[in-house]
Number of protein chains: 2
Amino acid sequence: MDRRIQKSRQAIMNAFMRLMSEKDFESMTVNQIAEEANVNRGTVYLHFTDKYDLLDQCMEVQINQLLRNCMPEEGLVHLTSKTALQRTFEYLEQHASFYSIMLTSKGSAVFRNQMETLFRQSLSEHLDSINLDRKLNKDITVQFLSSAGVGVLEWWITHSMPYPASVMVEQFWNLLDRIQLQMFE
Amino acid sequence: MDRRIQKSRQAIMNAFMRLMSEKDFESMTVNQIAEEANVNRGTVYLHFTDKYDLLDQCMEVQINQLLRNCMPEEGLVHLTSKTALQRTFEYLEQHASFYSIMLTSKGSAVFRNQMETLFRQSLSEHLDSINLDRKLNKDITVQFLSSAGVGVLEWWITHSMPYPASVMVEQFWNLLDRIQLQMFE
DNA sequence: GCCCGGTTGTTGATTTTTCAACAGAGAGCT
DNA sequence: AGCTCTCTGTTGAAAAATCAACAACCGGGC
């Protein structure tokens with residue numbers, strides 16, 4: 001990628017995030033973002049459809065960084081592995097202000113969607129490795145648990161992380177373990 | 001000035017100054033500066049003839065900032081005024097590392113030239129306001145005192161500011177006062 | 001209702017930056 | 001001596017960013 005593109009996108013996203021910590025998303029204008037980023041307003045539109053797209057893309061970049069940080073090595077993030085879970089919570093704790101702002105001021109679905117996808121994959125594989133009670137529908141079970149997982153995660157962030165990451169991991173793990181015991185055939 | 005030019009020049013100068021605090025000027029390459037600034041090498045050449053020109057321009061920018069900071073208000077800097085002298089020394093003290101590096105690692109004459117010009121102006125006006133002994137040639141006297149002033153200033157910077165700014169101001173002022181008494185008719 | 005100011009999204013012409021490539025110079029090695 | 005590598009200074013074509021301008025829309029005030 002041409003370095004000019006990289007620089008412009010970076011400047012715009014950084015400016016956006018700075019403004020997000022000072023302003024209400026709805027009242028923020030593209031002109032303000034452009035000025036903060038020291039780029040022409042047209043340049044913002046070259047890279048982003050509108051400020052909603054900017055928010056979404058910002059979230060995606062950040063989540064990709066989260067994932068890259070939480071990966072044990074080359075491979076997928078398994079949120080059903082305690083280590084990966086630990087890393088995820090700790091990373092989120094360290095970037096608390098960003099996620100807090102992004103999740104509270106505007107209902108971007110990017111975070112939820114991406115985290116749910118992750119939970120779904122991990123849980124799907126996990127349930128494949130145990131003997132799921134035949135009376136339970138796998139898809140519904142996976143969705144149930146994913147939603148619960150993401151719900152807790154979002155709650156923790158939007159409520160200013162009332163407990164340290166370590167406590168969250170412990171509780172999460174505990175719940176998963178106990179629920180799992182009820183699913184054996 | 002087009003914002004792209006501003007951004008490029010700023011990035012290049014900042015990168016240069018960062019590298020100056022880590023490397024020997026002579027061994028520094030334009031390619032290193034371009035990489036540090038995240039611009040194409042050709043861009044460096046668009047704005048600066050070579051690294052010597054870059055050093056000179058950097059010095060000029062910084063000295064202009066020094067002057068802007070030391071001006072009492074709209075007007076000229078009078079280095080024969082104690083207030084202006086105080087401000088100058090204090091500013092230099094606060095930017096010690098920059099000036100120290102710039103004056104020690106490469107013999108750029110920009111600082112010396114500009115400061116001498118300043119001293120000359122101030123002293124010239126100052127001597128106009130007193131009755132200079134007729135036996136003294138004004139131009140020679142002005143040059144004598146300017147050189148002395150700049151010499152002390154440079155010595156202070158290149159010797160890591162052995163005394164606080166306040167001491168330097170006091171001594172400077174004292175010397176100027178005593179020497180002046182010897183010049184009356 | 002109308003008017004005004006601010007914002008959005010877009011367009012076209014221009015400028016600046018990028019990139020790759022080239023020729024030349026200097027230093028070090030065989 | 002020749003060869004290689006690195007750096008310098010430059011060139012030309014392409015791409016990205018800039019700027020000014022325009023039309024349309026929205027919200028607030030009279």
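Residue numbers begin at 1 in each chain, while the letters A, B, ... track the order of the sequences.
With rounding to whole Å, B:Arg9 atom CZ is found 12 Å from C:dT16 atom P. Between B:Asn31 atom CG and D:dT10 atom C1' the separation is 15 Å, expressed in whole Å. Separating the CD1 atom of A:Ile12 from the P atom of D:dA16 is a distance of 14 Å, rounded to the nearest angstrom. One interatomic measurement links the two molecules: CD of B:Gln6 to P of C:dT15, which rounds to 18 Å at whole-angstrom precision. With rounding to whole Å, B:Arg3 atom CZ is found 19 Å from D:dA16 atom P. Atom CG in B:Leu46 sits roughly 13 Å away from atom P in C:dC19 (whole-Å rounding). Atom-to-atom, CD of B:Glu35 to P of D:dT6 comes out at 13 Å; the value is rounded to the nearest Å. Between A:Gln10 atom CD and D:dA16 atom C1' the separation is 17 Å, expressed in whole Å.
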So which protein N/O to nucleotides 12-15 of chain D N/O distances come out below 3.5 Å?
| from | atom 1 | to | atom 2 | distance (Å) |
| --- | --- | --- | --- | --- |
| D:dA15 | N3 | A:Arg4 | NH1 | 3.0 |

Which protein N or O atoms sit under 3.5 Å from an N or O of nucleotides 20-29 of chain C?
none

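Toward the 5' end of DNA chain C, the nearer of the two residues A:Tyr45 and A:Met1, judged by each one's closest nucleotide, is A:Tyr45.
A salt bridge does not link A:Asp133 to A:Lys135: none of the charged side-chain nitrogens sits closer than 4.0 Å to a carboxylate oxygen.
For the residue pair B:Gln143 and B:Ser147, a side-chain donor N or O sits within less than 3.5 Å of a side-chain acceptor on the partner. For the 3.5 Å distance criterion, the side chains of B:Glu125 and B:Ser129 fail to qualify, holding no donor opposite an acceptor. There is a side-chain donor-acceptor pair under 3.5 Å between A:Gln86 and A:Glu90.
Within the structure, a side-chain polar atom (N or O) of B:Lys7 is placed less than 4.0 Å from OP1 or OP2 of D:dT18. The side chain of A:His47 places an N or O atom within less than 4.0 Å of a non-bridging phosphate oxygen (OP1 or OP2) of D:dA17. Within the 4.0 Å cut-off from OP1 or OP2 of C:dT18, at least one side-chain nitrogen or oxygen of B:Thr43 is found.
The two residues A:Asp50 and A:Asp53 make their nearest non-hydrogen contact at OD1-N, 2.8 Å.
Between A:Met161 and A:Tyr99, the closest side-chain pair of non-hydrogen atoms is not below 4.5 Å.
No engagement by A:Lys51 is indicated, since no non-hydrogen atom pair under 4.0 Å with the nucleic acid exists.
Under the 30°/60° scheme for interplanar angles, the aromatic rings of B:Phe172 and B:Phe119 are found to lie parallel.
A side-chain donor-acceptor contact under 3.5 Å links A:Lys51 to the backbone of A:Phe25.
Remark: B:Asp128 engages B:Lys138 in a salt bridge (charged side-chain N to carboxylate O under 4.0 Å, His left out) (not counting sequence neighbours).
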